[in-house]
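Okay, so here's the structure we're looking at.
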Amino acid sequence: MEPMNKANNQVLLPSDQVVEVVQQNLLEWYGENKRDLPWRENKNPYRIWVSEIMLQQTRVDTVIPYYERFLSRFPTIESLAAAADEDVIKAWEGLGYYSRARNLHSAVKEVVAEYGGKVPDKVAQISKLKGVGPYTTGAILSIAYDKKVPAVDGNVMRVFSRLFTIEDDISQQSTRKKMERIAEKLIPESSPGDFNQALMELGAMVCTPQSPKCLFCPVQSVCKAYQQGRESELPRKKKATSPKSVDVIFVWIVSENKVLIEKRPEQGLLAHMWSLPTIEQAKKENYLEVFNEFCDTKNIQLTNLIIRGNLDHIFSHIHWKITLVQADLKKSVSLPDEWEWIALNQLHTRAFPNVYRKALQQLVSI
DNA sequence: GACACGTGGGC
DNA sequence: TGCCCAAGTGT
């Protein structure tokens, strides 16, 4: 293996003949093999948009039920624009990357206010919307409006890496720009949306990260990696660093069938989401000190501490080692602004990220 | 450019 | 089991 920084900076564009074969074979294959997915029912730009946001870093099978519920709850761009923030987040609960929902909501409101509810069909306008980056710009413009704009995602980068034996590290942002130049040459005038989707579909179904199904690949005849038997070596990608381990305490405070919940800060991990009161960066050694400091900060007093259990939750970049601690709240002058008593049987009305759902299950189900 | 940002599935 | 991932974007 060559070192990763030795990748060629030159963009070697595919020949006209290769372009021809890829276009024809891929479009024909897509026509016969594409999956029947809910966002392929029509080309409503709003529906395409929602699907593209949900699909970011998220599997198709995971997205489908969320997509169906979301579109049935917010069937039009106007209905989403008019919705309360809480309702939008609640519909996103469990999907992860919650800033996607906030950005989508904000962008949809902008489209209704600035563009009369019509999703823009110009790169300059749509790429300014919150949560719409280079990939989503290309996806919406090509799929919904049949514009010849690249939509280069992880699938496309993997397909191109193999098809043209591109050695660049696909985790580098600069690599995507190179891939976009190739895509611009490859996309046919006639059906850019189908072609972009065909590229992604190929990556998802045939040109998979592990064990690619080269024997069934419609572009096998022009694939350089296959010709060289190197399909398992490509694409190149820097190994991810493993999540950093952090000790965390969730505090379980119940009184008269009510429990204290906490609204998380507006920035950072699980921003805006409901949670149990959480002590982050807690040292496991001395709970008392940790709790005293916590009580000082919140201007409250906690007594009768009992450890109720432990829980691990691994985010993409952080590993929470959670201790569930039950406590009683001594009478205090006032509750912190971010805290609220809620009836146990009303917990389901709030949007909790999954890590807190798991904790609640453990605590409530005896 | 590098890192933050969730979750669940597959091997 | 632990690691890699899955239709990226914001900072």
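Below, chains carry the letters A, B, ... as their sequence lines are ordered, and counting in each starts from 1. Any value given below was found using the heavy atoms of this structure, including those in side chains, with hydrogens, waters and symmetry copies removed.
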If you only use heavy atoms from C-beta on, which nucleotide in [options] is closest to the side chain of [X]?
X: A:Asn354; options: B:dG8, B:dG1, C:dC4; value: B:dG8
X: A:Lys239; options: B:dT7, C:dC4, C:dC5; value: C:dC4
X: A:Thr58; options: B:dT7, B:dG6, C:dG8; value: B:dG6
X: A:Gln57; options: C:dG8, B:dT7, C:dT9; value: C:dG8
X: A:Pro353; options: C:dC5, C:dT9, B:dT7; value: B:dT7
X: A:Tyr135; options: B:dT7, B:dG8, C:dT9; value: C:dT9
X: A:Asp153; options: C:dG8, C:dC5, B:dT7; value: C:dG8
X: A:Val355; options: B:dG6, B:dT7, C:dG10; value: B:dT7
X: A:Tyr98; options: B:dG6, C:dA6, C:dC5; value: B:dG6

In whole angstroms, how far is the [atom2] atom of [N] from the [atom1] atom of [X]?
X: A:Leu55; N: C:dG8; atom1: CG; atom2: P; answer: 8 Å
X: A:Gln172; N: B:dC3; atom1: CD; atom2: P; answer: 10 Å
X: A:Arg100; N: C:dA6; atom1: CZ; atom2: P; answer: 16 Å
X: A:Lys177; N: B:dG1; atom1: NZ; atom2: P; answer: 7 Å
X: A:Ile314; N: B:dG9; atom1: CD1; atom2: P; answer: 15 Å
X: A:Lys358; N: B:dG8; atom1: NZ; atom2: C1'; answer: 10 Å
X: A:Trp49; N: C:dG8; atom1: CH2; atom2: P; answer: 18 Å
X: A:Phe352; N: B:dG6; atom1: CZ; atom2: C1'; answer: 17 Å

Is it the case that [X] and [Y] place a side-chain donor and acceptor less than 3.5 Å from each other?
X: A:Arg308; Y: A:Gln362; answer: no
X: A:Tyr356; Y: A:Thr278; answer: yes
X: A:Thr136; Y: A:Gln56; answer: yes

*Please find out if less than 6.0 Å separates the ring center of A:Tyr66 from that of A:Phe70.*
no
Heavy atoms only, 4.0 Å cut-off, all strands: where does [X] land among base, sugar-phosphate and nothing?
X: A:Ser316; result: base
X: A:Trp320; result: nothing
X: A:Arg264; result: nothing
X: A:Gln197; result: nothing
X: A:Val60; result: base
X: A:Leu270; result: sugar-phosphate
X: A:Gly94; result: sugar-phosphate
X: A:Arg102; result: nothing
X: A:Ser51; result: nothing

*A:Tyr97, A:Ile314: one ILVMFWY side-chain cluster at the under-4.5 Å cut-off?*
no
Heavy-atom distance under 4.5 Å between the side chains of [X] and [Y], does that happen here?
X: A:Val111; Y: A:Trp49; value: yes
X: A:Arg350; Y: A:Phe352; value: yes
X: A:Met179; Y: A:Ile170; value: yes

Given [N], is OP1 or OP2 found less than 4.0 Å from the side-chain N or O atoms of [X]?
X: A:His317; N: B:dC5; value: yes
X: A:Arg158; N: C:dC5; value: no
X: A:Ser242; N: C:dC3; value: no
X: A:His313; N: B:dG6; value: no

*Given the P atoms of B:dC5 and C:dA6, what is the spacing between them in whole Å?*
23 Å
*What interatomic distance, in whole Å, is found between P of C:dT11 and the corresponding atom of B:dG6?*
13 Å
*If you find the nucleotide of DNA chain C closest to A:Lys130 and the one closest to A:Arg40, which residue's nucleotide is nearer the 5' end?*
A:Arg40
*For DNA chain B, whose closest nucleotide is more 5', that of A:Ser174 or that of A:Tyr97?*
A:Ser174
